[in-house]
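Presented below is the structure to which this report refers.
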Amino acid sequence: LSAVSGVRLKFTGLHENYVVVVSCIILIVLFSLQHHGTHRVAFIFAPIVTAWLLCISSIGVYNIVRWNPSVINALSPVYMFKLLKTTGMAGWVSLGGVVLSITGVETMFADLGHFSACSIKIAFSFLVYPCLVLAYMGEAAFLSRHHEDIQRSFYKAIPEPVFWPVFIVATFAAVVGSQAIYIPEVNWMLMCLCLAVTIGLRDTNMIGHAYGLAVTIVMFVTTCLMALVMIVVWRKRIITAVSFLLVFGSIELLYFSACLFKVPESGWIPLALSSFLMVVMYVWNYGTLKKQQFDIENKVSVDRIVTLGPSLGMVRVPGIGLLHTNLATGVPAVFGHFVTNLPAFHQILVIVCVKPVHVPYVTEEERFLVGRVGTKEYGMFRCIVRYGYKDLLQENYDFENRVVLELIRFVETEEEPSNGIMEEADSSTQMVENQNHEAHTLDHLQVMKLMDLNLGNLDTLCLKDESIKILSARESGVAYIVSHSYAKAKKSSSVVKKFAINILYAFLSKNCRGPDVALNVPHTSLLEVGMAYYV
């Protein structure tokens with residue numbers, strides 16, 4: 001909006017509605033291009049921003065030389081203290097607008113995904129900061145001779161011959177500077193919010209007030225977290241971290257206190273949005289923890305299910321069942337709920353647990369942890385699938401065959417226990433990492449060929465009977481058993497808790513992307529089991 005609004009200087013009769021429409025069109029195009037990835041935007045980020053910085057610094061030098069060369073003295077911080085001493089309360093409140101001169105610089109940290117920390121330090125120290133200082137000094141020099149042009153001083157300070165080139169560069173710089181991490185749903189929500197703010201406020205000053213308050217809060221929170229990092233991660237002395245917090249935190253609190261005067265105008269917008277998001281995240285976190293607590297407290301004993309099998313009329317059907325759960329140990333309560341209502345489960349049952357880990361990527365060799373649940377006669381396994389926070393699931397990823405491959409690898413390399421039972425600390429499961437397999441382990445292509453062979457030809461291959469049983473079950477089909485747990489607040493709960501659990505958390509759970517999407521489960525193979533629990 002600020003970039004496009006400069007066109008009204010050339011077309012004075014242009015209504016602000018047209019500026020808002022053009023700004024909205026640019027926003028829609030920008031958000032529509034986000035799905036191509038920030039690396040595509042980063043390709044043109046450097047040349048456009050470099051051109052933009054060189055433009056504003058050159059214009060700054062021009063204005064300094066032409067209008068007021070003595071403005072260079074403003075580099076001294078003495079003038080800052082003189083201003084605050086002379087203006088008093090008004091000068092302090094003006095800091096809420098002054099802070100806008102440094103907002104946006106913090107986005108250089110967002111470029112750590114594209115550039116190294118060293119390159120960002122060099123670029124900021126020797127290019128960005130000098131160019132910004134020259135640009136603001138030039139604008140100050142222009143304003144010292146043109147007090148009446150305070151509202152649109154940036155565009156009015158541009159020399160006439162280069163106005164349109166600078167206008168175009170400014171618009172492109174605003175676009176590439178608005179890149180963000182792409183998450184489909186979040187991307188469209190951000191677009192709607194940006195359009196609402198642009199159409200609702202229509203004023204760059206009002207948007208600036210909201211933006212300034214948001215950024216100063218982010219800066220102060222970052223400083224507080226940085227102090228914790230210095231103590232916990234870097235193991236610095238507490239006095240060092242406290243000194244850092246006092247020096248930088250006091251400056252940021254000064255600007256933050258000045259921005260609070262902008263809350264009645266438009267500063268309430270980031271406060272309202274952040275409060276809403278905080279409530280949503282707190283409710284989601286609370287409900288998820290309660291669900292996990294319920295699952296842990298209601299684990300099912302496999303021995304008991306097998307013992308009750310004859311009385312329930314339980315049968316084993318051909319095929320492989322993949323039971324999804326968040327538990328890394330034990331058998332989830334949904335399995336007991338499933339077999340008591342439908343006393344049958346698959347010949348081979350695999351309890352699958354997808355776990356995110358605190359590393360960027362997990363190699364395929366380290367992704368799967370396979371173990372046995374109960375005795376060999378049960379035909380039950382556990383498979384923990386690990387993903388890094390930057391791992392992306394490919395659409396053509398053959399999850400079923402990967403699981404079968406890991407099961408066969410486990411069976412072929414498993415050592416026979418003396419008592420016939422695989423034991424674990426708190427469950428009857430033994431985890432064996434596939435990277436520790438011996439040299440005779442079947443490779444991926446070999447097992448894929450086995451899956452495509454006629455089962456009648458498998459007799460001649462050196463596979464254990466259990467491996468052949470797994471391949472036979474794979475040929476019969478694979479079914480995914482996914483739990484849909486529904487949280488409900490107890491009748492004795494407060495009205496606030498009932499609203500949070502029965503309405504807000506229920507809405508979030510219903511619209512949350514389930515494990516069937518993450519694992520690319522075909523709908524024809526999906527079996528959902530509903531289960532309610534009270535918190």
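Every heavy atom of this structure was used, including side-chain atoms; hydrogens, water molecules and symmetry mates were not. Residue indices begin at 1 and follow the sequence shown.
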Query - Under 3.5 Å side-chain donor-acceptor pair for Ser2 and Ser5 - result: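 Checked: Ser2/Ser5 side chains show no N/O donor-acceptor pair below 3.5 Å.
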**Report entry** Phe256/Phe220 aromatic ring centres below 6.0 Å
**Finding:**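 Aromatic pair excluded; centres sit 6.0 Å or further apart.
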Query raised in the report: Taking the six-membered ring for Trp, are the ring centroids of Tyr505 and Trp284 within less than 6.0 Å of each other?
Result: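 Ring centres of Trp284 and Tyr505 closer than 6.0 Å.
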**Report entry** side chain to side chain contact (heavy atoms under 4.5 Å, CB included) between Ile26 and Val22, intermediate numbers included
**Finding:** CA-CA 6 Å; Ile26 294 176; Val22 173; 4.2 Å; yes
Nearest heavy-atom neighbours spanning [X] and [Y]:
X	Y	result
Trp52	Ala170	CZ3-CB, 3.4 Å
Met206	Glu265	CE-O, 3.4 Å
Val169	Ala51	CG1-C, 4.2 Å
Thr223	Gly249	CG2-N, 4.1 Å
Phe31	Cys194	CZ-SG, 3.9 Å
Val362	Gly388	CG2-N, 3.6 Å

Which class fits the ring pair [X] and [Y]: parallel under 30°, tilted 30 to 60°, perpendicular over 60°?
X	Y	answer
Trp92	Phe261	perpendicular
Phe167	Trp164	perpendicular
Tyr533	Phe294	parallel

Validation row: [X], [Y] side chains within 4.5 angstrom (heavy atoms):
X	Y	value
Ser525	Tyr480	yes
Leu526	Glu528	yes
Val482	Leu527	no
Val478	Val403	no
Asn68	Arg145	yes
Lys291	Asn326	yes
Met191	Leu195	yes
Ile501	Tyr286	yes

Please check: side-chain N/O of [X] versus main-chain N/O of [Y], any donor-acceptor pairing under 3.5 Å?
X	Y	answer
Ser250	Val247	yes
Thr87	Ala90	no
Ser94	Gly91	yes
Asn511	Phe507	yes
Arg386	Glu366	yes
Ser493	Ala489	no
His146	Glu148	no
Asp295	Gln292	no
Asn73	Ser70	yes
Ser509	Ala506	no

Requested in this report: Run the numbers on Val535 and Lys488 for side chain to side chain contact (heavy atoms under 4.5 Å, CB included), then give the verdict.
Outcome: CA-CA 6 Å; Val535 297; Lys488 293 183 179 181; over 6 Å; no
Query raised in the report: Just one of Val218, Ile269, Val263 clears the side-chain contact (heavy atoms from CB on, under 4.5 Å) bar with Leu213, so which one?
Result: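 Option passing the side-chain contact (heavy atoms from CB on, under 4.5 Å) with Leu213: Val263.
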Query - Partner of Cys259 by side-chain contact (heavy atoms from CB on, under 4.5 Å), out of Val99, Leu100, Leu95 - result: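 Result for side-chain contact (heavy atoms from CB on, under 4.5 Å) with Cys259: Val99.
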Query raised in the report: Going through the checks in order, is the side chain to side chain contact (heavy atoms under 4.5 Å, CB included) test met by Met226 and Phe244?
Result: CA-CA 9 Å; Met226 188 66 190; Phe244 167 81; 3.7 Å; yes
Supply the atom-to-atom distance [X] [atom1] to [Y] [atom2], rounded to the nearest 0.5 angstrom.
X	Y	atom1	atom2	answer
Leu134	Asn63	CG	CG	11.0 Å
Leu1	Leu27	CG	CG	8.5 Å
Trp67	Ser144	CH2	OG	9.0 Å
Ile59	Ile56	CD1	CD1	8.5 Å
Lys490	Tyr534	NZ	OH	11.0 Å
Leu53	Tyr129	CG	OH	14.0 Å

Query - Whether over 12 other heavy atoms sit under 6.0 Å from Phe124 CZ - result: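 More than 12 within 6.0 Å, yes.
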Query raised in the report: Hey, is NZ on Lys498 packed in by over 12 heavy atoms from elsewhere, all under 6.0 Å?
Result: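 Atom NZ in Lys498 is crowded, with more than 12 foreign heavy atoms closer than 6.0 Å.
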Query - Presence of salt bridge, Glu406 and Arg367, under 4.0 angstrom - result: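 So Arg367 does not pair with Glu406 through a salt bridge.
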**Report entry** Evaluation steps, side chain to side chain contact (heavy atoms under 4.5 Å, CB included), between Leu369 and Val385
**Finding:** CA-CA 7 Å; Leu369 294 176; Val385 188; over 6 Å; no
